[in-house]
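Each ligand, and each atom within it, is numbered from 1 in the order the structure gives.
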Amino acid sequence: MADFPTSTCVVIIGGGAVGASALYHLALAGWTDAVLLEKNELTAGSTWHAAGNVPTFSSSWSIMNMQRYSAELYRGLGQAVDYPMNYHVTGSVRLGHSRERLQEFRRVRGMGRYQGMDLEVLGPEEIRSVYPFLETTGLSGALYDPYDGDIDPAQLTQALAKGARSLGARIERFCPATGVRREAGEWVVETPKGEIRCEKVVNAAGYYAREVGKWFGRDIPMMVMSHQYMLFDAIPELAAWSAEAGHKLPLLRDVDSSYYLRQEKQGFNLGPYERNCRAHWITPDDPFPEDFSFQLFPDDLDRLEWHIADAMARVPLLEKANLTKVINGPIPYTPDGNPLIGPMPGVPDAYEACVFTFGICQAGGAGKVLAEWVTEGRTEWDMWSCDPRRFTGFEDRDYCIAKGMEVYGHEYAIHFPHHSWPEGRGRKLSPVHDRMAGLGAQFGAYNGWERALWYARPGDDTSEAGTQTWDREGPWFGAVKAECEAVRDAAGLLDLPGFSRFRVTGPGVGDWLALQITGKVPKVGRLGLGYFADEAGRIVTEMSMARMADDEVLLITAATAQAHDREWLLGSLPEGLRLEDETDDWSCQILTGPASRAILAGVTGADLARPWLSWQEAEIAGLPVLLLRVSFAGELGWEIHSRFEDTREVVEAVLAAGAGHGLKPFGMFALNSLRIEKGYRAWKGDLSTDYTVLQGGLERFIDFTKPAFRGRAALLAENQAAPKRHFVSLIVAAGEADPPYMSTLWHGGAVVGETTSGYWGHRAGACVALGMVRADLADPGTALEVEIFGERFPAVVQPDQAAWDPANARIRA
Ligand SMILES: Cc1cc2nc3c(=O)[nH]c(=O)nc-3n(C[C@H](O)[C@H](O)[C@H](O)COP(=O)(O)OP(=O)(O)OC[C@H]3O[C@@H](n4cnc5c(N)ncnc54)[C@H](O)[C@@H]3O)c2cc1C
């Protein structure tokens with residue numbers, strides 16, 4: 001024990017592929033004073049039995065980035081650390097059975113090519129040229145990914161560990177962390193071999209992460225599934241083909257049938273994600289084990305019969321083989337299936353890199369991201385998809401189990417833009433939820449809050465199946481158009497529960513806020529939009545600011561940003577200022593449209609002549625409300641904020657007053673259409689740390705005359721050098737679908753940028769996209785093309801003003 005480390009910079013708890021990669025990347029970044037603790041031998045958790053597939057495919061830009069990085073890292077890792085390992089880059093064939101699946105493939109091909117990967121979409125007749133043993137009946141095509149492959153997960157982990165050790169980092173095997181405590185601004189990690197003091201600690205404990213999280217007072221949103229793959233013995237034809245071809249077959253994924261089939265030596269490995277799946281360690285008779293190192297669950301083949309038969313019909317060669325072995329191991333899931341990588345919410349100097357469902361193919365990228373969080377406090381790529389703060393605490397055990405099973409059972413499903421997943425719903429209801437449901441509301445969940453997406457009219461198709469399309473015009477389209485027109489011509493009411501809101505009070509609150517935002521702090525009585533940048537000038541978040549008094553400001557932000565923004569604000573809050581999270585105390589409606597003033601006049605004595613971007617306290621139906629003269633829909637309008645318990649009466653009064661004025665309820669789809677026409681950005685699409693405030697076209701929200709604010713130096717330097725990219729609004733002559741996030745922008749045969757959102761503008765009568773383009777192509781009138789599901793459509797850069805009401809005359813009316 002003499003040389004047991006008693007103090008270090010970073011302790012990582014958990015020695016699977018992810019923990020080892022985190023250690024390696026910390027060491028690469030120069031943080032070699034780091035110790036990894038593993039309770040058993042390295043890989044003892046999920047890593048040792050993983051199949052080791054290393055896909056790059058993802059429909060999420062950030063996850064694709066992470067997986068692409070992993071594949072690149074693994075290709076050179078053996079040599080870099082002098083640890084040769086089995087990594088077969090076989091390529092993969094992902095089969096599609098429908099037009100929608102092929103659209104997904106084309107979209108991913110566009111993203112992949114933008115990331116430098118030469119993905120290809122194959123027609124049904126071409127697939128056999130790369131995968132000869134395939135029956136192609138019923139197929140619409142395939143995606144060919146030449147970078148896909150498989151790696152030995154244990155060798156990968158050992159290679160990362162060797163690389164980390166040779167740079168000076170330490171690994172303590174058979175050394176469980178048994179607890180942590182905070183002492184004098186440091187962490188003390190307890191182990192049977194002694195205590196280690198450290199500045200920072202990382203929970204990389206895989207499926208044990210929830211147990212480790214408890215020591216930090218953290219209830220990690222996760223559950224554990226059983227996942228199986230089956231190994232088959234050698235097939236002479238396959239062996240002969242491989243010998244002649246000189247390589248293995250590409251990995252086959254039949255995503256619509258939900259399995260992968262991989263050549264394993266001279267046989268096959270078949271791994272399904274079944275709908276009738278099984279969670280583990282969720283009932284009293286199946287408690288979470290103290291230790292499950294190197295253990296498996298018993299085989300459970302009944303669940304997989306359908307997939308085995310389907311795979312045999314697709315690749316008849318498989319019928320000739322005998323099943324030799326089944327691996328059934330634990331695999332952890334968060335409620336959305338993405339891992340947790342980043343700062344541990346609410347806990348200083350603690351981080352998470354855990355709950356990985358695809359931890360082998362993501363370990364490389366995850367190590368890089370985690371190391372950036374630890375060493376720099378920010379990441380190169382926007383990693384909101386994996387940020388622990390995307391969960392806000394309402395995700396109880398039942399929710400985690402229901403969502404985890406849903407994600408597992410639909411692991412390969414297409415994520416359509418108008419579809420809402422049905423599990424874990426109804427968690428947080430607006431005070432007028434039933435009333436809105438009665439008006440036809442079709443709901444979607446935002447940080448657990450149920451909000452109307454659209455209002456179905458009698459006869460509209462409200463089935464889940466009706467949303468399984470990439471097309472613009474689904475069953476909601478006519479209703480959304482009518483909602484937008486009501487907002488344009490009369491008035492609309494959007495019930496918007498769950499806005500995150502923070503009241504910050506205390507002397508000097510204005511000065512503090514001025515240091516946090518790039519622009520001006522509003523005067524008392526006024527509203528403003530504040531952009532919060534990081535030190536690099538990148539967009540961290542956006543909040544509405546209502547200056548309530550000299551020493552009081554109310555900050556209102558996206559529902560999903562609740563934990564993220566609270567943490568961001570608390571991170572810089574000095575002693576003497578107080579922040580209260582009032583999210584659950586209030587609810588909100590947007591009343592907007594030319595008739596909104598007349599409607600409000602019928603229910604309140606408030607001064608409705610007060611200008612745009614002002615606020616006032618008022619009464620509706622004798623109940624106190626806060627009226628904010630602002631509208632994300634870009635029409636005359638007010639946000640009506642009322643106490644949660646008063647909201648029902650307030651809404652009834654407004655609805656009654658609106659009856660004679662053509663007031664209609666509208667939903668989030670209509671809001672998306674209305675806001676995009678105004679060029680209003682949405683958080684974590686148009687606004688992310690992938691862009692600086694300047695690139696985001698938000699110059700008017702930067703006040704360089706302020707002597708100091710976070711990000712000032714970086715933004716000033718960028719401003720002097722002129723930004724290389726610039727935000728644009730585009731009118732797109734699109735086909736049947738609007739451009740999704742990260743559709744590439746083309747000019748002169750080259751990719752010059754990307755869209756960050758796209759939707760049909762019902763008032764403009766056109767498809768509008770927001771995006772980022774090379775700065776020299778951002779001039780109004782520039783003709784570009786947008787690649788939408790593989791096809792390019794003409795697009796024209798718009799003047800730096802909204803497609804609807806560019807002078808803001810309607811909003812100021
Ligand atoms: C059958 C199956 C097949 C799979 N196939 C693939 C695949 O093909 N591709 C892919 O990408 N993913 C695959 N996965 C998922 C993959 O196995 C996991 O995502 C990955 O192994 C997670 O790695 P990790 O490092 O996060 O966690 P783990 O490997 O579980 O490592 C966590 C480590 O923490 C240690 N630990 C826990 N508590 C403590 C403590 N208190 N003190 C010290 N140490 C502690 C554990 O012993 C363990 O070694 C598969 C999973 C299963 C079940």
task: Could you tell me whether ligand 1 has any atom less than 4.0 Å away from a heavy atom of Cys354?
output: no

N/O donor-acceptor pair under 3.5 Å between Ser70 side chain and Cys361 backbone: yes

statement: Any heavy atom of Phe356 under 4.0 Å from ligand 1? The part involved is both

message: Working note: Gln263 + Ser242, criterion side chain to side chain donor-acceptor pair (under 3.5 Å); need CA distance, chi angles, decisive distance, verdict.
response: CA-CA 10 Å; Gln263 182 177 345; Ser242 273; 2.8 Å; yes

task: Look at the side chain of Glu195 and the backbone N and O of Val188, then say whether any donor-acceptor pair between them is shorter than 3.5 Å.
output: no

task: Would you mind checking which non-hydrogen protein atom is closest to atom 39 (C) of ligand 1, with the distance to 0.1 Å?
output: Lys39 CD, 3.6 Å

task: From atom 16 (C) of ligand 1, work out which of Pro176, Ala363, Gly359 has a heavy atom at the shortest distance.
output: Gly359

task: Distance to 0.1 Å, residue and atom name: give those for the protein heavy atom nearest to atom 15 (C) of ligand 1.
output: Thr357 O, 3.3 Å

- prompt: In terms of residue, atom name and distance, what is the protein heavy atom nearest to atom 27 (O) of ligand 1?
  reply: Gly206 CA, 3.5 Å

message: What I'd like to find out is whether the side chain of Asn269 reaches to under 4.5 Å of the side chain of Asn53, using heavy atoms alone.
response: no

task: Report the nearest protein non-hydrogen atom to atom 30 (O) of ligand 1: residue, atom name, distance rounded to 0.1 Å.
output: Ser46 N, 2.8 Å

query: Heavy-atom distance under 4.5 Å between the side chains of Tyr399 and Phe391, does that happen here?
result: no

statement: Counting heavy atoms under 4.0 Å, the part of Pro330 that contacts ligand 1 is backbone

statement: Judged by heavy atoms only, the candidate from Asn53, Val180, Ile360 nearest atom 8 (O) of ligand 1 is Asn53

- request: Give a yes or no on whether the backbone of His410 and the side-chain of Arg275 come within a donor-acceptor separation of less than 3.5 Å.
  value: no

- prompt: At what distance is the nearest protein heavy atom to atom 26 (O) of ligand 1, and which residue and atom is it?
  reply: Val18 CG2, 3.4 Å

Protein residue, atom and distance nearest to atom 51 (C) of ligand 1, heavy-atom basis: Ile331 CD1, 3.5 Å

query: Got a donor-acceptor contact below 3.5 angstrom from the Lys39 side chain to the Ala177 backbone?
result: no

